[in-house]
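Here the structure is laid out as structure tokens; the discussion comes afterwards.
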Amino acid sequence: ALRVALRRLAPLAARVPRLAQQQGPRLAALVAAFVFYGQVKGPLDSVRARSNLVTGMPGPETDMYGWILANTGKDAVFLSPPGLERFRLASERAIVVDWKATAYAPAEVLEWYRRLEDVSGRSNPRGRDDVIAGYEALDRARLDALRERYHLSYAVVTKGHEAALGYPVVYSNRALAVLDVR
């Protein structure tokens, strides 16, 4: 970019005072820097917008994970929304299943898929959105069955859905609620 800028500025340099000729390389470097910035600004903004490394995790999730770390035992088992893909890592607690962590061994893949069916309440779910929609339709009977099958301690649901499930709310924020199902 600097060479191209210098070549384009050379004809102008013949017509400008000697001071401008002396500053030509600096001016070319400045122009090249602006061109470079123009080319990388979009991709950098995209990374900033999508990366939790740069921006951190969303507030309600972060707050909930902090509460879980401070107020639940390491041996607690959580039923968490399958779309909360950071749950296992950020909460440092066991979960039934999530969408992100698939197994590698064939028998384990079958178990993962069976658990997705269990938490979604759907046989043969057709993808991530289907599993999440099924989880959002969680009712008391399915929660009780999951509680027994997976020895749950807590269940995480979307704020507003907790009252229909009938378990005590031990934590809530503007987006999520944690129910004590022990």
Side-chain angles (χ1 to χ4, degrees), residues 43-182:
L44 286 177
D45 287 345
S46 176
V47 167
R48 276 190 207 103
R50 291 181 292 120
S51 172
N52 67 358
L53 200 58
V54 175
T55 62
M57 289 189 293
E61 279 184 53
T62 301
D63 297 342
M64 179 187 63
Y65 298 140
W67 182 87
I68 289 169
L69 289 167
N71 294 285
T72 66
K74 288 267 189 190
D75 61 342
V77 178
F78 279 80
L79 178 65
S80 62
L84 288 183
E85 296 171 348
R86 297 180 196 103
F87 192 95
R88 183 189 325 252
L89 180 64
S91 70
E92 300 176 18
R93 302 296 184 267
I95 63 170
V96 175
V97 68
D98 65 20
W99 183 257
K100 188 173 187 175
T102 59
Y104 296 104
E108 293 171 359
V109 171
L110 294 174
E111 174 65 17
W112 171 77
Y113 191 76
R114 186 181 58 75
R115 287 175 180 238
L116 288 175
E117 288 181 322
D118 288 349
V119 301
S120 70
R122 299 179 180 193
S123 61
N124 199 22
R126 297 292 178 194
R128 183 179 191 273
D129 293 342
D130 197 21
V131 170
I132 291 170
Y135 186 87
E136 291 296 321
L138 182 69
D139 62 13
R140 175 68 185 246
R142 185 158 35 111
L143 179 54
D144 287 342
L146 292 168
R147 184 178 137 260
E148 292 301 317
R149 182 173 199 155
Y150 296 107
H151 310 288
L152 300 176
S153 309
Y154 301 94
V156 177
V157 295
T158 304
K159 180 73 172 173
H161 190 68
E162 67 275 17
L165 298 172
Y167 282 100
V169 177
V170 292
Y171 172 83
S172 69
N173 60 36
R174 63 183 156 90
L176 302 162
V178 177
L179 310 176
D180 187 339
V181 299
R182 294 175 288 176

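What you see below is based on every heavy atom in this structure, not just the backbone, and it leaves out hydrogens, waters and symmetry mates. For reference, positions follow the sequence shown, starting with 1.
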Show your working on side chain to side chain contact (heavy atoms under 4.5 Å, CB included) between His151 and Val77 and close with a plain yes or no.
CA-CA 7 Å; His151 310 288; Val77 178; 5.5 Å; no

Roughly how far, to the nearest 0.5 Å, is the [atom2] atom of [Y] from the [atom1] atom of [X]?
| X | Y | atom1 | atom2 | answer |
| --- | --- | --- | --- | --- |
| Ser80 | Glu85 | OG | CD | 10.5 Å |
| Leu116 | Asn124 | CG | CG | 11.5 Å |
| Glu136 | Thr158 | CD | OG1 | 3.0 Å |
| Leu152 | Arg147 | CG | CZ | 8.5 Å |
| Ser172 | Leu179 | OG | CG | 9.5 Å |

Pairing residues for [X] by the side-chain hydrogen bond (donor to acceptor under 3.5 Å, both in side chains) criterion, not counting sequence neighbours:
| X | answer |
| --- | --- |
| Lys100 | none |
| Thr72 | Arg93 |
| Tyr135 | none |
| Ser153 | none |

When you measure from the side chain of [X] to the backbone of [Y], do you find a donor-acceptor pair of N or O atoms at a distance under 3.5 Å?
| X | Y | answer |
| --- | --- | --- |
| Glu117 | Ser123 | no |
| Asp180 | Val170 | no |
| Arg142 | Ala137 | yes |

Please determine whether side chain to side chain contact (heavy atoms under 4.5 Å, CB included) holds for the pair Asp144 and Arg140, giving the CA-CA distance in whole Å, both sets of side-chain angles, and the decisive distance to 0.1 Å.
CA-CA 6 Å; Asp144 287 342; Arg140 175 68 185 246; 3.1 Å; yes

Quick test of your reading: applying ring-ring contact (aromatic ring centres under 6.0 Å, His included), list the pairs with at least one residue in residues 87-123, sequence neighbours left out, ordered by first then second residue.
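Sorted result for residues 87-123: Tyr65-Phe87, Phe78-Phe87, Trp99-Trp112.
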
Report yes if some heavy atom in the side chain of Val96 is under 4.5 Å from a heavy atom in the side chain of Leu146; otherwise report no.
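They are not in side-chain contact.
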
Pro81 vs Val156 side-chain heavy atoms within contact, under 4.5 Å:
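The answer is yes, as the side chains (C-beta and beyond) meet within the 4.5 Å cut-off.
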
Using the rule side chain to side chain contact (heavy atoms under 4.5 Å, CB included), only one of Ile95, Leu138, Val97, Val181 pairs with Leu79; which is it?
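Exactly one candidate clears the test, Leu138.
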
Side chain to side chain contact (heavy atoms under 4.5 Å, CB included), paired with Tyr154, selected from Val178, Asn71, Ile68
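For Tyr154, the side chain to side chain contact (heavy atoms under 4.5 Å, CB included) check succeeds only for Val178.
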
With a 4.0 Å cut-off on N to O distance, would you call Arg114 and Glu111 a salt bridge?
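Salt bridge flag = yes for Glu111 with Arg114.
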
So which pairs with a foot in residues 68-78 pass salt bridge (Lys or Arg N to Asp or Glu O under 4.0 Å), sequence neighbours left out?
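Pairs touching residues 68-78 that pass the test: Lys74-Glu92.
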
Is the count of non-hydrogen atoms from other residues, nucleotides or ligands lying under 6.0 Å from Leu89 atom CG greater than 12?
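No - once you tally the heavy atoms of other residues, nucleotides and ligands closer than 6.0 Å, there are 12 at most.
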
